[in-house]
Amino acid sequence: MSFVTVSNLWQRYGTRSILERVNVDIHEGEFISIVGASGCGKSTFLRMLLAQEQPYRGEIRIDGGTPAREPNLERGVVFQKYSVFPHLSVRDNLIAAESFNTPFGRLSRNARKAAGRRADDMLERIGLNHVAHQYPASLSGGMQQRLAIGQAMNAKPRILLLDEPFGALDPGTRLQMHDFLMELRDETNMTVFMVTHDLQEGFKLGDRVLVFDKPRWDPHDPGRYGATITYDFDARDGGIPFQMKEETDVSE
Amino acid sequence: MSFVTVSNLWQRYGTRSILERVNVDIHEGEFISIVGASGCGKSTFLRMLLAQEQPYRGEIRIDGGTPAREPNLERGVVFQKYSVFPHLSVRDNLIAAESFNTPFGRLSRNARKAAGRRADDMLERIGLNHVAHQYPASLSGGMQQRLAIGQAMNAKPRILLLDEPFGALDPGTRLQMHDFLMELRDETNMTVFMVTHDLQEGFKLGDRVLVFDKPRWDPHDPGRYGATITYDFDARDGGIPFQMKEETDVSE
Amino acid sequence: MRWINKIPERPAAILLAALPFLAIFLAYAIASDIRLEANPQDKLLPAPSTIVETAQRLFTEPDRRSKEILLWNDTLASLGRLAAGVGIAATLSLAIGLAVGLLPYARSTLSSVIAVLSMVPPLALLPILFIVFGLGETSKIVLIVIGITPFMTRDLAQRVLEIPHEQIVKAQTLGASSAVIAMRVALPQVLPRLISNVRLSLGSAWLFLIAAEAVASNVGLGYRIFLVRRYLAMDVILTYVMWITVLAFLIDWLLKNLSRRAFPWMEAGL
Amino acid sequence: MRWINKIPERPAAILLAALPFLAIFLAYAIASDIRLEANPQDKLLPAPSTIVETAQRLFTEPDRRSKEILLWNDTLASLGRLAAGVGIAATLSLAIGLAVGLLPYARSTLSSVIAVLSMVPPLALLPILFIVFGLGETSKIVLIVIGITPFMTRDLAQRVLEIPHEQIVKAQTLGASSAVIAMRVALPQVLPRLISNVRLSLGSAWLFLIAAEAVASNVGLGYRIFLVRRYLAMDVILTYVMWITVLAFLIDWLLKNLSRRAFPWMEAGL
Amino acid sequence: AAEEKTEFKLAWSIYVGWMPWGYLEDSGIMDKWADKYGIDVEIVQFNDYVESINQYTAGAFDGVSATNMDTLSIPSGGGVDTTALIVGDYSNGNDAVILKGEGSLQDLKGKPVNLVELSVSHYLLARALDSVGLEESDLDGVINTSDADMIAAYATKDVETVVTWNPLVSEITGSNADANVLFDSADIAGEILDLMVVNTETLADNPAFGKAVTGAWYEVMSLIAAGDEDVLTALAEASGTDLAGYKAQLAATEMFFDAKDAVAQASAADLPETMTNVADFLFDKGILGEGAPSADFIGVSYPDGSTTGDAGNVKLRFDTTYMQLAADGKL
Ligand SMILES: Nc1ncnc2c1ncn2[C@@H]1O[C@H](COP(=O)(O)OP(=O)(O)OP(=O)(O)O)[C@@H](O)[C@H]1O
Ligand SMILES: Nc1ncnc2c1ncn2[C@@H]1O[C@H](COP(=O)(O)OP(=O)(O)OP(=O)(O)O)[C@@H](O)[C@H]1O
Ligand SMILES: [Mg+2]
Ligand SMILES: [Mg+2]
């Protein structure tokens, strides 16, 4: 009962292969951590999940639907930075998650009131009600990311994509964010993909940890082969590998 | 045999007291970690050590000399960011530590050669010889901070001041930087002041950990009293407090 | 102590700021004195007292013929033209800048033509403008528009492009259409920049206004300056120049404050 | 699919870019045709073929009187003045900008006078300039200098102030004097900005040059345009306008490339 | 504060009757005469007529080509004692009131008029309106329009009437069939004089300057009078037209090729009346400056020693001394 199906996914820029033959099935409600060396294509994979760019080959389906051609309401996203709108107050950022989906980007008065109430609920959940009328620039990095996550959730996406959401935070704040994210997830049972640099974080938060790496390597032409999922760990019970996708064969 | 003597130091901006009655004696070669709540005046203290600003009352002497009126060669500094010159290559940044101390900011040809050799030595020590001719913007954050520290050391200061030098780095890089800094220190036995947000880091690196906090608190006028050193831990043996500067009396 | 670390105290700082103005005034007064010594009727550098008298007269006494105070008429006419020209230019550049910055198709179509147009010297096209738009208000306003729009458009398009792409993607995941992204994400973020562009362009706008008024007009600050140049009434010219300077200063100040008031999120900082 | 996500393919993109130029050309050709239909002697919108002929003549045929090709003479003269004016303005604004940005004393003394001067309309001062600096090259160059220096100076001073204070402090801990900080820390970092300022100011510089040449000159692009404007020789004017546009484009392009070459550290990125 | 000197500068601007000044410089005739008197005279062309007079008034030049009206208002009004060294011509049709389409001067009532305000065109318009009993206030205003753009202005719809001078007049009448000249300077012959005026003190201290300039001028005059095609062609080209065009403009100009005629014009009995009219016009328009107590506060002196206006403040002098020398062949 696969919810997100990635089948035979390739990506290349110019003549450089970034990803190749990525196949993976994700169940609804799973929390997927994605780790791998810098530049191996984790963000690229996320961008394709987001439909921000189209794969060179292969496809990604959510719940069996047709592959999306551009980002839409089904996919929520939080980047490391710039994920909230600096010109909107904290509360308006949350309301935007509803108002942007209208022809003029504005809600009628009644709809606005209802959205405002839902925004207040969300503010409560993300613990930002005391700064509801401030602008993002006056919030700390951690608060901004909490807002970004709340905003993404407010639009009720089917999958939530996080690209190093805590990469710019200091260690203490990071830990708080972990707790925050786990709580939210327990409440909503969202399907989440999270790219992280921090292995520990990946195993702590994820149900599964996908490791991206190049299975083949051409020393004369490093751009020839792309990365793929080389390990797929079950992290629910603390991180014991349950499945090895492929033998890593350097000499191939 | 105090090397750096801070006696009865006060600082205020306008009518707001930031620091008050700070007294501390530092021995040559000690590594001082400075911790405390955000905004309590750690950077202010460092700025006064640097002579970037003058205290409202009290004074700081190095080796019994007269208090400095502006930053000079005796004091090296590394900030969290912007501590290297973006328009100079890595090697030139190190040479600058010698050439800037000349009337025209340029060395004669022979002096330049000698300085270049010393720069190469330093490059070796800070492990940046492979990027000697690149510009700082193309280095990672960790490499930039290594360069900044190398540059400051190249000018042979008597005290080295670090203001959250690793605050912008990710946890892995941070650990590497700790090793790097410890090594350098073992070689040179420099007197170092390091402000950090990370208690663990402070205790790991420091010989002593100074905690800044407000000993008195006026609920009607939070700006009335300044912070001072409330704890002075000996961190050599793993962080057992050896001296309590003052009783913290909130009700006073 | 290094000079970069020396900071003048309050009274000294005020004195220092006044110094260059005093120096300019003195230099003028002396030069004027020397010329008036040689020829008491010299018109080129009227004595400061003459200028003050003239200014008083210009600001308060109605014209003999029309019974109106010309300076105020001129000011109203010029400010009206300036406002219309700058307003239209701002609107146009905002619309085109958003399109070029957001839509790849608009960018392909317009970016090179805007780059070329911004290099055309508008003053040289004045005769054509007069034919097409007549000698009335339109051609003066159009000259201002043509003169400052390309630059403003280029800059705004650049700023739209500089909006972090993350925000554009985020808006799409919230279901925003292109129009909503333009109006609710890009527009509010470039508005402050629009104001600073207007501030930057006002100098050129004045220039074009004065040039257009010099060519064909019967009222306006530029008109008057070029008219009285016919009999070298430097006292009038200098009064007008100072008045324009004051107006320019006021407008700049107003815009700066407008920007600060209107966009509180720009100021917010940790 | 949203318009912001639609990207034109290569051939379509080129076609799109050519479109507005074609449209302008067609609009002109038709308008010209209509006027020439009504009055074959009409000078206002000469036929494109006439313009091409005129351009050919202007670029290649020497003047009967002086035996020299006027267009090249004009170009040389104008470019020389432009270079001198812009060069002096750049040097001045760099020196003053560094002083104002680095030294609190210079800042107190100069910042308000520069702010005021930048609001003065330079064209209105033209008569005084001619008296003080004579009719030769000097006054034309001085007009350019006066016209663009205040703006450039303000911007450079601002940029110097924006250099992270950490760097200034660091330089002091390396023993740098104020002069060394100015020359080795601030100067190299604002040079790229100087070039982009020059690029921004070139439009105004052309304007002032044309205005100055219009008043008193016997050679120069602005002089020629103004001279033939009397006879409405639009074929000559349009040729000159296009030529100035091409020159402006070339200069801009050169400066952009110079900046890229000269400041590799600006480009370096992770 | 003039004194003896050997270097002099004259300014001139493009106008049919002043074109010879450019030729004087280009042909070397000026140098020839200057050498003869041991001095140096530089002749500089201005694009902007008003600027050239302003420069002269400010002291940057020793002489300038100007009309009697502008001389009275700018240098004389500005306290610079000025002498009309050479009376070159008077406009005899060179300045004109041109209406687009049919009509008469009466029809100007309620219409706007485009002209260079406060110039001789303005004066011509005032005289034209005078002749039919109208006043400027009867018009729908005058719109100041730069001479450089007059031709373009005429081509626009808003413009119904223009007042301007040659070569613009012939350009407008030549290329617009509907151009209707209502009134021109031939109707007020002798009132718009085109002069070379010089600083009185400079002239007094340096007679050689007056002699050299006058001598050179009348040498060229004789060439033109003799119909020298080379000279005429050069003048025509410099003024941006061809030989025929230039000759047509010359026809509307009463050039004083012979110095005797110039002396006669400067000594004409109606000159004082003309100058009084001009002064009245200038005062009426406020051009004499706000400090001017009355229309006659500037004195004008004539060759016979008479004056009009304030005899204690003579700032404009019609002096035939040098033209007489030329007429007598004594240069
Ligand atoms: N639009 C693009 N055009 C060309 N190359 C690209 C593009 N986007 C990414 N790349 C390249 O693709 C590779 C993978 O990039 P990606 O951002 O996916 O890596 P990553 O795994 O997220 O790395 P990091 O951990 O540093 O974020 C990189 O080498 C990058 O330079
Ligand atoms: N130049 C100044 N003028 C006025 N107030 C200042 C100035 N510099 C710092 N402050 C104030 O002094 C207090 C202490 O600032 P400081 O930067 O020393 O704190 P800190 O302990 O370094 O904090 P952080 O951990 O956030 O870096 C802050 O409240 C700050 O707002
Ligand atoms: Mg990435
Ligand atoms: Mg700090």
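First the proteins, then the strands, lettered A, B, ... as listed; each starts at 1. Just so it is clear, the structure is predicted and the values come from calculations on it, not from any experiment.
With a threshold of 4.5 angstrom between heavy atoms, B:Lys156 does not approach chain D through any atom at all. Residue contact with chain D, scored on non-hydrogen atoms closer than 4.5 Å, is absent for B:Leu161. If you measure heavy-atom distances from B:Gln134 to chain D, you find no contacts under 4.5 Å at all. Within the 4.5 angstrom heavy-atom criterion, no atom of B:Pro157 approaches chain D. Heavy-atom distances place the backbone of B:Thr102, and not its side chain, under 4.5 Å from chain D. If you measure heavy-atom distances from B:Ala51 to chain D, you find no contacts under 4.5 Å at all.
Heavy-atom contacts from other residues, nucleotides or ligands closer than 6.0 Å to CZ of B:Arg112 number 12 or fewer. For B:Lys113, the NZ atom is loosely surrounded, since the number of other residues' heavy atoms within 6.0 Å does not exceed 12. The number of heavy-atom neighbours closer than 6.0 Å to OH of B:Tyr13, taken from other residues, nucleotides and ligands shown, is above 12. Within a 6.0 Å radius of CD in B:Glu187, more than 12 heavy atoms belonging to other residues, nucleotides or ligands are found. Residue-environment remark: CE (D:Met183) stays at or below the threshold of 12 foreign heavy atoms within 6.0 Å.
For the pair D:Val185 and B:Phe85, the minimum side-chain heavy-atom distance is below 4.5 Å. Side-chain contact between D:His165 and B:Gln52: present, with at least one pair of heavy atoms (C-beta onward) separated by less than 4.5 Å. D:Gln189 has its side chain within reach of B:Pro86: a pair of non-hydrogen atoms, C-beta onward, lies under 4.5 Å apart. The shortest side-chain heavy-atom distance between D:Gln172 and B:Glu70 falls under the 4.5 Å cut-off. When side chains are defined from C-beta on, B:Tyr82 does not count as touching D:Val169, because their heavy atoms never get closer than 4.5 Å. No side-chain heavy atom of B:Val84 sits under 4.5 Å from any side-chain heavy atom of D:Gln167.
Here the closest heavy-atom approach between residue D:Thr173 and residue B:Pro71 is recorded as CG2-CB, 4.1 Å. Residue D:Pro264 comes nearest to B:Tyr135 through the heavy atom pair CG-OH, 3.5 Å, listed as atom of the first residue, atom of the second, then distance. Nearest heavy atom pair, residue B:Ser99 against residue D:Arg184, reads OG-NH2, 3.5 Å. Listed here is the closest heavy atom pair of D:Ser177 and B:Pro103: OG-O, 4.4 Å.
D:Lys170 places no side-chain N or O within donor-acceptor distance of the main-chain N or O of B:Gly76, the cut-off being under 3.5 Å. B:His87 places no side-chain N or O within donor-acceptor distance of the main-chain N or O of D:Val190, the cut-off being under 3.5 Å.
Taking CG of D:Leu174 as the reference point, atom CG of B:Leu73 lies at 7.5 Å (rounded to 0.5 Å).
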